[in-house]
Novice: 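Submitted below is the structure of interest, expressed as C-alpha cells.
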There are 2 protein chains.
Amino acid sequence: MKKQEILFAEAETRMCSRGVKPTAVRLLVFSALQMAARPVSVADLETCLQTVDKSTIFRTLTLFLEHHLIHGIEDGSGSVKYELCHGEWDCSVRDMHLHFFCEHCHRTFCFKDMPIPEVDLPEGFAMRGVNFVIKGLCPDCADK
Amino acid sequence: MKKQEILFAEAETRMCSRGVKPTAVRLLVFSALQMAARPVSVADLETCLQTVDKSTIFRTLTLFLEHHLIHGIEDGSGSVKYELCHGEWDCSVRDMHLHFFCEHCHRTFCFKDMPIPEVDLPEGFAMRGVNFVIKGLCPDCADK
DNA sequence: TTGATTTTGCAACCTGATTGCAGAAATCTT
DNA sequence: AAGATTTCTGCAATCAGGTTGCAAAATCAA
C-alpha cells in the first residue's frame with residue numbers, strides 16, 4: 001500500500017469516527033494537513049491543492065473544526081493556521097501544545113512536546129480553548 | 001487638579017520618557033487607554049474619540065507599540081486589542097499577563113495578577129514577545 | 001430513474017488593517 | 001517675524017483574509 005493510500009485510509013477512519021462524511025475534497029484537505037510539517041493557512045492549502053476552491057477549503061476547515069478534527073492557531077500573522085488534532089477524543093487544552101511564530105520568516109513552529117501550562121482561572125470563568133503563541137526569531141533567522 | 005489633567009500629565013511624562021512627542025491627539029489616545037477597563041480595538045477608540053480619524057489612531061498605536069508604551073493582544077476576535085504597558089522599562093514578557101476572551105459577549109478581560117508562565121524554548125529560538133489568550137465563557141455569559 | 005439533499009466552485013461582499021497624498025500644524029532658520 | 005522645512009493628521013483609496021449567496025454538480029434515497 002502506498003503512502004498516499006495509507007494517509008487516505010487514516011483520514012477516512014478519523015473523519016467517520018467524528019461523523020464527517022469523507023468526500024474526495026475532504027480527503028485531499030485532510031491529507032494535506034497530515035503531510036504538513038507545520039500549521040498551514042487557507043492560502044497555503046490553496047497553493048498545494050490547486051484544484052480546490054478557497055471557499056471549499058474554508059468550509060471544509062470550518063467543518064473539521066466543529067468536529068474537533070483540527071484546531072486553529074492565531075499566530076498574529078493575519079491568517080489563521082490549522083493543524084490536525086492528535087488527541088484521541090477531543091481538542092481539549094490537554095491535547096494542545098505551544099507554537100512559535102518567527103517574526104522574520106513568518107513560519108509557525110509546533111513545539112509538540114510542550115503542553116500548554118495549566119492555569120487557574122478566577123471564579124466563574126469557563127475555559128473552552130486556548131491560544132498560546134511565542135513570538136521571536138527562529139534559529140534560521142536568529143542573526144538577522 | 002482634575003482627573004483628566006492628572007491623566008494627561010502622566011501620559012505626557014510617559015511619552016517623553018520613551019521619546020514620543022506628546023501631541024494633542026496622542027494625549028487623547030493615551031488617556032483613552034488609561035481609562036479603559038479592558039483592552040481596546042481601533043474601532044473602540046474610534047467610537048470614543050469621535051474627532052480623531054481611524055488612520056491617525058492606527059498610526060498612533062503603531063508608534064506607541066514601537067516605543068513600548070503599549071502592547072497588542074490578538075484575542076482571535078479579528079481585531080487586535082491594545083493596552084498600556086505598565087512595566088517600568090519595556091514590554092517584556094515579565095510585564096505581561098493572561099487575557100481571557102469571552103466567546104459569547106466578545107469582551108477581552110485582563111488577568112493582571114496572572115503572569116505568563118515561563119517557558120524553556122528549544123536551542124536557537126529567541127523569544128521577543130508572547131500572546132497567551134484563554135477562550136471560553138465569562139461569568140456573565142456562563143449560563144448561555 | 002426521479003426527486004431531495006449535500007457538496008462544491010465562482011463571484012461578490014465584508015471588515016479590519018494599511019497606505020498615498022495633500023493640507024494643517026509645529027519646528028527651525030535666518 | 002517671515003519663509004522654509006519637517007512632522008502630524010484627515011480623507012479616500014487600497015489590500016488581504018474571511019465569509020456568504022447562489023447555482024451547478026455530485027451524492028443519496030425511494
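Protein chains get the first letters and strands the later ones, always in sequence-line order, with residue 1 at the start of each. The figures here come from the full heavy-atom set of this structure, side chains too, leaving out hydrogens, waters and symmetry mates.
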Novice: Just call it for B:Lys54: base, sugar-phosphate, or nothing, with non-hydrogen atoms closer than 4.0 Å on any strand.
Specialist: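 B:Lys54: base contact, heavy atoms under 4.0 Å.
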Novice: How is B:Ser79 classified with respect to the nucleic acid when contacts are heavy atoms under 4.0 Å: base, sugar-phosphate, or nothing?
Specialist: sugar-phosphate
Novice: Separation of A:Leu28 atom CG from C:dT8 atom C1', in whole Å?
Specialist: 13 Å
Novice: What's the CZ-C1' distance between A:Arg59 and C:dT6, to the nearest Å?
Specialist: 12 Å
Novice: Would you call B:Asp140 and B:Arg107 a salt bridge, taking side-chain N to carboxylate O under 4.0 Å as the test?
Specialist: yes
Novice: Whole angstrom is fine here: how far is it from CG in A:Asp53 over to P in C:dC10?
Specialist: 6 Å
Novice: Heavy atoms under 4.0 Å, any strand shown: does A:Thr56 hit a base, just sugar-phosphate, or nothing?
Specialist: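 Here A:Thr56 touches the bases of the nucleic acid.
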Novice: Assess whether a salt bridge exists between B:Lys135 and A:Glu74, defined as any Lys/Arg side-chain N lying under 4.0 Å from an Asp/Glu carboxylate O.
Specialist: yes
Novice: Rounding to a whole Å, what distance do you find between B:Glu46:CD and D:dT9:C1'?
Specialist: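 So the two atoms are 14 Å apart, to the nearest Å.
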Novice: Could you tell me how far apart B:Leu49 (CG) and D:dT9 (C1') are, to the nearest whole angstrom?
Specialist: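 Atom-to-atom, B:Leu49 to D:dT9, this comes out as 14 Å.
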Novice: Give the rounded distance in Å between these two atoms: CZ of A:Phe58 and P of C:dC10.
Specialist: 18 Å
Novice: Could you tell me whether the side chains of A:Thr47 and A:Asp44 share a donor-acceptor contact shorter than 3.5 Å?
Specialist: no
Novice: What's B:Thr60 touching, base or sugar-phosphate or nothing? Going by heavy atoms closer than 4.0 Å.
Specialist: nothing
Novice: Give a yes or no answer on whether the side chain of A:His71 reaches the backbone of A:His68 with a donor-acceptor pair at less than 3.5 Å.
Specialist: no
Novice: On a heavy-atom basis, which atom in B:Ala142 and which in A:Gly124 lie closest, and how many Å separate them?
Specialist: CB-O, 4.2 Å
Novice: Without decimals, in angstroms, what is the distance between B:Ile73 CD1 and C:dA17 P?
Specialist: 13 Å
Novice: Any base atoms under 4.0 Å from A:Arg26, or only sugar-phosphate, or nothing? Heavy atoms, all strands.
Specialist: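 Here A:Arg26 touches the backbone only, sparing every base.
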Novice: The side chain of A:Val25 lies closest to which of these nucleotides: C:dT8, D:dG10, D:dT19?
Specialist: C:dT8
Novice: A:Ser77 near the nucleic acid: base, sugar-phosphate alone, or nothing, with a heavy-atom cut-off under 4.0 Å?
Specialist: nothing
Novice: Starting at atom NZ of A:Lys21, determine the distance to atom P of D:dA26, rounded to an integer number of angstrom.
Specialist: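 Those two atoms, NZ and P, are 14 Å apart.
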